[in-house]
Amino acid sequence: MQRIRKAVVPAAGLGTRFLPATKAIAKEMLPIVNKPSIQLIIEEAAASGIEEVIIVTGRGKTEIVDHFDAHPQLELALARAGKEALLREVLRPTQLVKISTVRQQRPLGLGHAIACAAHLVGREPFVVFLPDDLVDSTRPCARQLMDVYEQTGRSVVALMNVSRSEVSSYGIAAGEFSAKDPRLLKISHLVEKPPAEEAPSTLAVVGRYVLEPEVFDYLLRTTPGRGDEIQLTDALAAMASKTGLYGYLFEGDRFDAGDMTGFLLANLNWARKSPQMWRAVEQFVALHRTNQDS
Ligand code: G1P
């Protein structure tokens, strides 16, 4: 079995849900406390053992690439001022993984965005990270899927349970759970954003996928689906019925940073890691709860 070394991060979307904030800034650069959200994604990739990340970008996304590049002038200024801790933070994004980029020239869908990276991935298994999905977990979410891939030798998608009213926002999977591992699902059905009454289950696909290179062949044959876009889910549904596909109910907390409330909750979650910041949040909430009650 080939070792997984590469990952693809599609980041070409316009970020319309965050306008006007994203008029001149890539949505992936919006900060979760002090880090652009895409840095959390690349940190998860590095912690999972990924060595090379291909970011699929579009117009107006150059600052993403700048963020993971060196900034000699700033580094020198921080070093001269003796600001060692800040210097480490500035250097960190440059030390995580090797970054390459490719442009998606037209917004033809997630499946198309992944296919844009085919020539850089080559014929080897890889991980897809959707940057809107932030996961806080003890064992990195992607690593959990990579371990499943090492056991099964098949593509694996991350799953979580959602309420029936939410199924129309996700890819929904159904199949049979393994007798040995209650988190492992052999997928027989996969459908992109079904209406609640048509959903085959409430098991939603979260933005982490370990994919065999054959996915590129399936993507080439995938015609536009929901939203008239080339959907990764449709290519994976075809794979599930031919070569096989697994789902894994990962351990960890997932935040939808592509949604304003989810983004706020993600900020609170990461702020919780600083006792000082968290005390301020608690005081703020306590004060406003009292005001509301009175
Ligand atoms: C994408 C996928 C969907 C998946 C979701 C997870 O949708 O198409 O299958 O469940 O990510 O966040 P998006 O949220 O980008 O519309």
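Remember, predicted model here, so these are calculated numbers, not experimental data. Computed from heavy atoms alone, side chains included, the values below leave out hydrogens, waters and symmetry copies. Order of listing sets the numbers, starting from 1, for every ligand and every atom in it.
For atom 8 (O) of ligand 1, the nearest protein heavy atom is under 4.0 Å away.
Under a 4.0 Å heavy-atom criterion, Arg208 is not in contact with ligand 1. Residue contacts with ligand 1 do not include Asp132, since none of its heavy atoms lies under 4.0 Å from the ligand.
At under 3.5 Å, a nitrogen or oxygen of Glu192, whether backbone or side chain, sits near a nitrogen or oxygen of ligand 1. For ligand 1, none of its N or O atoms has an N or O atom of Gly207 under 3.5 Å away. Looking at ligand 1, you won't find any N or O of Tyr170 less than 3.5 Å from one of its N or O atoms. Where the criterion is an N or O separation shorter than 3.5 Å, residue side chain and backbone included, Lys193 meets it with respect to ligand 1.
For ligand 1 and Arg254, the ligand atoms under 4.0 Å from any heavy atom of the residue are 12 (O). Residue Gly171 approaches ligand 1 through these ligand atoms, each under 4.0 Å from one of its heavy atoms: 3 (C), 4 (C), 9 (O), 10 (O). The Thr233 neighbourhood of ligand 1 comprises atoms 9 (O), with distances under 4.0 Å to a heavy atom of that residue.
The residue Met160 has no part lying near ligand 1, judged by heavy-atom distances below 4.0 Å.
Val205 O, 2.6 Å is the protein heavy atom nearest to atom 10 (O) of ligand 1. Closest protein heavy atom to atom 12 (O) of ligand 1: Asp133 OD2, 2.8 Å.
Ring orientation note: the planes of Phe216 and Phe126 are close to parallel, at an angle under 30° on the 30°/60° scale.
In this structure Asp133 satisfies the side chain to side chain donor-acceptor pair (under 3.5 Å) test together with Arg254, sequence neighbours excluded. Taking Ser163 as the reference, Ser165, Glu166 meet the side chain to side chain donor-acceptor pair (under 3.5 Å) condition, with sequence neighbours excluded.
In the model, Glu212 has a side-chain atom that pairs as donor or acceptor with a side-chain atom of Ser155 under 3.5 Å.
Here the side chain of Arg17 pairs a donor or acceptor atom with the backbone of Gly258 at under 3.5 angstrom. A donor-acceptor contact shorter than 3.5 Å links the side chain of Thr152 to the backbone of Arg154.
To the nearest 0.5 Å, atom NZ of residue Lys6 and atom CG of residue Leu120 are 7.0 Å apart.
Electrostatic pairing of Glu51 and Arg3 counts as a salt bridge here, judged by a charged N lying under 4.0 Å from a carboxylate O.
Among Val206, Leu130, Val191, the residue whose heavy atom lies nearest to atom 11 (O) of ligand 1 is Leu130.
When all heavy atoms of Ala26 and Glu63 are compared, the pair lying nearest together is N-OE2, 2.8 Å.
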